[in-house]
2 protein chains.
Amino acid sequence: MLSSMRNEAHGIGIVGAGQLARMTIQAASALGIDSVVLASGPDDAATQLAGRVLVGSPRDSGQLWALAARSEVLTFDHEHVDLELLATLERAGVAVRPGATTLSMGVDKALMRRTLAAAGIAVPAHALLDADPDRATAEAVAFGGTYGWPVVLKATRGGYDGRGVWPAANAAQVEVRCRRAAESGTTMLVENHVDIDVELAVLVARRPNGDLAVWPAVETTQVSGMCREVLLPGRVDAALEERARALGEQVAVAVGATGVLAIEMFSSGGALLVNELAARPHNSGHWTMDGSVTSQFENHVRAIFDWPLGDVAASAPAVASVNVLGSPDGGSPVARLRAALAVEGAHVHLYGKSPVPGRKLGHVTVCGTDLADVRDRAWRCAVALGTPVPSGLLVAP
Amino acid sequence: MLSSMRNEAHGIGIVGAGQLARMTIQAASALGIDSVVLASGPDDAATQLAGRVLVGSPRDSGQLWALAARSEVLTFDHEHVDLELLATLERAGVAVRPGATTLSMGVDKALMRRTLAAAGIAVPAHALLDADPDRATAEAVAFGGTYGWPVVLKATRGGYDGRGVWPAANAAQVEVRCRRAAESGTTMLVENHVDIDVELAVLVARRPNGDLAVWPAVETTQVSGMCREVLLPGRVDAALEERARALGEQVAVAVGATGVLAIEMFSSGGALLVNELAARPHNSGHWTMDGSVTSQFENHVRAIFDWPLGDVAASAPAVASVNVLGSPDGGSPVARLRAALAVEGAHVHLYGKSPVPGRKLGHVTVCGTDLADVRDRAWRCAVALGTPVPSGLLVAP
């Protein structure tokens, strides 16, 4: 990057510089829009593409103000933010999109559950636990007595990719977890265990003016809490898919979303329960880069500038997106591109991250007419890139 | 960009940093591949996205060696290169793709015509003119006597977007042009005026191992020598379209192409004549970014690394791509995005260039099922971005 001669306050300022920032920059650059990122380090995924790079903490007031001073609108790669500080920026007139109130739903699960329940939206049965481990244990055990065992304990903040989620089958397991939480200062929710038929994700893009667009609902497969594949269509009938989209829209309005909001849901016995929210582009929407007329990243950019949203129709009847995880041998997926690109129709997206075994390093999307076929090809490509195959998933050799 | 801690010799080195480099970087980054550009200045279109930027002349030996030292493979945004110098790099083992021999076909029209004619490929009747203006005038007048008037005089080197092409209706006009050419040291060809039914362009991606892929032939509309729109399908029947693709493949083999080669052709009375070559991604292939399974930029990257090429099928029955030109008022198209993005299905690509009236600043692609419809929408979007409408083109209000 070389931009000393340009106007300083232009384009998008992104808090964080991971793969979501990287793909947001790709979409913004196609529209001729520059980006500046606030990275945690010089090798973050987005630093190679960003027009300008600041290195520092997203909780550092000086760094955030510096980012705001260099951009027209502030948006996010992650939720590890200081909501108070962001609210201060908003009050000072900075365009923070999504705003602090919406972001707080992705930061604090308890607040999210409470807000959605108040809006009449179904969420898993849950209760916020006391900070004291004895009282928390008693509360969670009582909850198990009411709603049945096992229960699920969840950190209200900071969890992702399966971290911060602990099933507990009995009072003894609850107590162990409550004591550890107290030691680390972690606030927890207790929730009932939901018998999940299918996990769905719905992405909504919403403008400050209220206009919104809802992509088709997709099925996600989580292994050990980490998303491994995203399938369109999911194993739900058309009526349930339509209900999922309507629910996504309802949630977006309830939390006042601006930009892309990802809503993860459980389908359980015909009911839809909202599980997680992310107030930003999301792994469950990477398929849109190749499988939809407009990608989640482009519509996120359009939405935060309050510009008309693009068409969110799927561009093929069947789309499969599989995450590329670091190979057990620690090798780079880039070194395996020759083999991977031999898979017909595979759209490979690698994030430029250092190759740690099990780390999310990219994704592969294949579009076509037959779901089994596109899923097979996407997995073959991801495996060629070094992705370990989770047990329990059927993948062709 | 911040990359001091990375290995210096990796990724793609691009000679030039215009929009073709910018879109090549977008495609390379999706594959996790970094890029370094040799820019003419800090505000070139690709500098904002490039991981590393060198500023200097592509004819400067030191700069080219510096670029080669920082990348695995060298490729090109333009043809303003020193072929001798590139040949020296090749002999020293640098992966220069395409190589100097192929590049020379895009640099020197006379050599290109001669090479293609020797391979049995039809080109317009032509003759190389003497450097002496009196002799050149006599040669061109004799050529007109043989092939008929008007004739077309063309600079053998350095022309693009209509520059370096001069029709001449009679001996007096020939003489004026030959004297000017002699004054500026310009070598010229004389060619016969071709009665063009349709202008076609065929893009080929070819690997060093000889594998190649040929996108569907498209129709291009030139106004004052500048490409204004690209349409798929073109106004040719299926048999002629197939012949155009076969001819494109033949040319790619004849010139030993590596990477993307663009072949511009005239369809005239049922015959196909090769007019221009560009040994790089090309304006006539921008439609592939949204209208083909694999874009010309991704396949260029795949080809120069000798990796398997992606599917080049069109992803829609009708595709229209219209260039965005600088508005007469000098305003930036970015400032007009709000209106432009309201056009349904418009894929906008802006290059981050400063907005000079008439300058190519981006392109818009629309895909669909009806050519008249997608063309109408693409033009409406381009016009909303400030593009002046050329007279003679039918555009809906």
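Sequence lines set the chain letters: A, B, ... in the order given, protein chains first and strands last, and positions in each chain run from 1. As a basis for the values below, the full set of heavy atoms in this structure was taken, side chains included, without hydrogen atoms, waters or symmetry mates.
Taken to the nearest 0.5 Å, the OG atom of B:S29 stands 5.0 Å off from the CZ atom of A:R22. With values rounded to the nearest 0.5 angstrom, A:L49 atom CG is found 8.5 Å from B:Q26 atom CD. To the nearest 0.5 Å, the span separating CD1 on A:I33 from CG on B:L337 amounts to 5.5 Å. To the nearest 0.5 Å, atom CG of residue B:D311 and atom SG of residue A:C367 are 11.0 Å apart. The distance from the CG atom of B:L341 to the CH2 atom of A:W307 is 6.5 Å, given to the nearest 0.5 Å.
Atom CD of B:E344 sits in a sparse spot, with 12 or fewer heavy atoms from other residues, nucleotides or ligands closer than 6.0 Å.
Using a 4.5 Å heavy-atom threshold, the side chains of B:L31 and A:L350 count as separate. Residues B:H347 and A:V293 form a side-chain contact, since some pair of their non-hydrogen atoms from C-beta on lies under 4.5 Å apart.
B:A39 does not touch chain A: none of its heavy atoms, backbone or side chain, sits under 4.5 Å away. Heavy-atom distances place no part of A:A46 under 4.5 Å from chain B, backbone and side chain included.
The backbone N or O of B:D306 sits less than 3.5 Å from a side-chain atom of A:R338, completing a donor-acceptor pair.
If you tally non-hydrogen atom pairs under 4.5 Å between each of B:A346, B:A339, B:P333, B:P308 and chain A, the highest count goes to B:P308.
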